[in-house]
Student: 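Below is a structure I'd like to ask you about.
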Protein chains: 2
Amino acid sequence: MSLGLGVDRGSPVPLYFQLAEQLRTAIEQGRLAPGMLLGNEIAFAARLGLSRPTVRQALRTLVDQGLLVRRKGVGTRVVPAAAAAGAAPRPALTSLHDELDAAGRHPATRVLHDAVVAAPAEVAEALGVEEGAEVRRLERLRLADGEPLAVLRSHLPLRGPLPPAADLEATGLFRLLRAAGVVPHSARQRIGARGATRSEARLLDETEGAPLLTLRRVVVDAAGRAVEHADHAVRPTRWSLDQRLLAPE
Amino acid sequence: MSLGLGVDRGSPVPLYFQLAEQLRTAIEQGRLAPGMLLGNEIAFAARLGLSRPTVRQALRTLVDQGLLVRRKGVGTRVVPAAAAAGAAPRPALTSLHDELDAAGRHPATRVLHDAVVAAPAEVAEALGVEEGAEVRRLERLRLADGEPLAVLRSHLPLRGPLPPAADLEATGLFRLLRAAGVVPHSARQRIGARGATRSEARLLDETEGAPLLTLRRVVVDAAGRAVEHADHAVRPTRWSLDQRLLAPE
DNA sequence: CATGTCCGTTTGACCGGACATACGGTTTCA
DNA sequence: TGAAACCGTATGTCCGGTCAAACGGACATG
């Protein structure tokens, strides 16, 4: 095979994970061409000194990510386009702040509004609190490289110690929540578009009615408690969603 | 447990799949409350007359879908919010036509343009053909319940028998491609927004500059060959993207 | 009273093997 | 010559078991 495949049993990193990572980089670097590869899981496992379940676990993660395709009676093939598509795992619940950070676009935040208000009907239902119950309303302006990027409107349930407003200008909301022990688990997200309101236009340096990308999401933690109800409006000329989709079987 | 759990060994449906489906419906119907459930995989497996790996395979699919959370030394818990979020598997590469169909919104299509043209630079690169090579350019107007919904612009590589234009008015492009033996495998998608051009506005019954949701995707098949380069513009007042996101570990 | 340690429990990782099923090419038969 | 039957091969499913790692509470210690 001449690929530098081989696992380190001394490492605390699970064997299946080591193997998956090595295969992924091999695919992305083009050292693994399309065609019948990795032929025969059993022989492959024997060559690596691993058991078949372990090898299968590694292959499965790559199949889940669309890098490999398995067919019964044939074998496991590499999807060549995966290399071009780059390392894009499943669409994940990410933080806009961290995303900008990772892209090297220097995020910054200005807190426009931060107060406890009575929950509007829609927010109350999404957060699982009674209508009119007190929630924290947060409105922020997110900038990237100094340019206005998005208006972020959030409603948070009043639970536990809340992050001080000052910190919100320094880092992202998700990171503060996580530091406070609130771990986001999953979210429902609706993506749409609409024209900018007058105030949004002023904040975002756009004209009234200019097209904005909208993200409405409800984030919950592992216990099922609502963490955040967000309603964001983003300048589509400065940011867009990039996703990788897999066809269902 | 008093849940109607039990697998049918006579069925051709895999045991782990039967179990996963039963657990999923139990969760969605609220028959499985949060708290420590399914306690102890080993006992659970014994109770069902299955082996632990089989049970774990069932649990894993549900964990992947965000319905369960496992913690070492604690157990496997049900995520209650999942019930509210509904049965939403990972974001999949779906067809707009089929999506409307499933929602009972009676999709229809008008072919506005269908011709072989020289590939523009961007399209050529995305499709993996040389710039200026011949590709099929397709422009369609998609309607839902008789109302204009989106302008669909596609570029298809000239390969194999192409679906006749007449069929395009009757059904979706994906279904025709699949019938022709071209199976979509994965796609990269970019979601944005912009103002409607004059011609789009006329087609969609909007005003010029009205905000539109844009989808740009490159679809590839399992062999890595590009299947379609699409550039769609959708009326956000009539349709929006609904997704369910999972937090990474 | 606070802190650190031990320990039972539960999932995580890994191994070996067995049989079923689907695919693709070959061989055989009409 | 064409189509049907056959067979090798690969993944899919399922089983049994072992050891490690992490969590949470009880216990002992300073």
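Computed over heavy atoms, backbone and side chain alike; hydrogens, waters and symmetry mates excluded. All values derive from a computational prediction rather than experimental measurement. Numbers restart at 1 for each chain; the letters A, B, ... are given by sequence-line order, proteins then strands.
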Student: At under 4.0 Å, does any side-chain N or O of Tyr16(B) touch on OP1 or OP2 of dT13(D)?
Tutor: yes

Student: For Glu41(A) and dC19(C), what is the distance between atoms CD and C1' respectively, to the nearest whole Å?
Tutor: 15 Å

Student: Rounded to whole Å, how long is the line connecting atom CD of Gln57(B) with atom P of dA13(C)?
Tutor: 15 Å

Student: Applying the side chain to side chain contact (heavy atoms under 4.5 Å, CB included) criterion to Val182(A), which one of Leu177(A), Leu176(A), Leu156(A) satisfies it?
Tutor: Leu177(A)

Student: Between Thr109(A) and Arg142(A), does any side-chain donor sit less than 3.5 Å from a side-chain acceptor?
Tutor: yes

Student: Between Arg190(B) and Asp242(A), does any NZ, NE, NH1 or NH2 come within less than 4.0 Å of an OD or OE carboxylate oxygen?
Tutor: yes

Student: In whole Å, I'd like the distance from the CZ atom of Arg70(B) to the C1' atom of dA13(C).
Tutor: 12 Å

Student: Using whole Å, what does the distance between atom P of nucleotide dC19(C) and atom CG of Leu15(B) come to?
Tutor: 17 Å

Student: Hey, is the side chain of Thr54(B) poking within less than 4.0 Å of OP1 or OP2 on dT13(D), counting only N and O atoms?
Tutor: no

Student: Answer yes when Arg70(B) and Glu41(B) have at least one side-chain N-carboxylate O distance shorter than 4.0 Å, and no when they do not.
Tutor: yes

Student: Using atom CD1 of Ile42(B) as one end and atom P of dG12(C) as the other, report the distance to the nearest whole Å.
Tutor: 12 Å

Student: Produce a footprint string for nucleotides 16-24 of chain D: one letter per nucleotide, 5' end first; B if the base is under 4.0 Å from any protein heavy atom, S if only the sugar-phosphate is, - if neither.
Tutor: B-B--BBBS

Student: Got a sec: does the CD of Glu125(A) have more than 12 other heavy atoms crowding it under 6.0 Å?
Tutor: no

Student: Measure from CG on Leu68(B) to C1' on dG12(C) and round the result to the nearest Å.
Tutor: 16 Å

Student: Check the distance between dC14(D)'s P and Phe17(B)'s CZ and give it to me in whole angstrom.
Tutor: 12 Å

Student: Round to the nearest Å and state the distance from Leu48(B) atom CG to dC14(D) atom P.
Tutor: 13 Å

Student: Check the phosphate of dA10(D) against Thr76(A), side-chain N and O only, distance under 4.0 Å to OP1 or OP2. Yes or no?
Tutor: no

Student: Does atom CD (Glu21(B)) have a neighbourhood of more than 12 heavy atoms from anything else shown, all under 6.0 Å?
Tutor: yes

Student: Of all the choices, dT11(C), dT13(D), dC15(C), which nucleotide is nearest to the side chain of Arg56(B) once you look at every atom?
Tutor: dT11(C)

Student: Testing His155(A), Arg216(A), Arg217(A) for side chain to side chain donor-acceptor pair (under 3.5 Å) with Asp231(A), which one passes?
Tutor: Arg216(A)

Student: Just call it for Arg9(B): base, sugar-phosphate, or nothing, with non-hydrogen atoms closer than 4.0 Å on any strand.
Tutor: sugar-phosphate

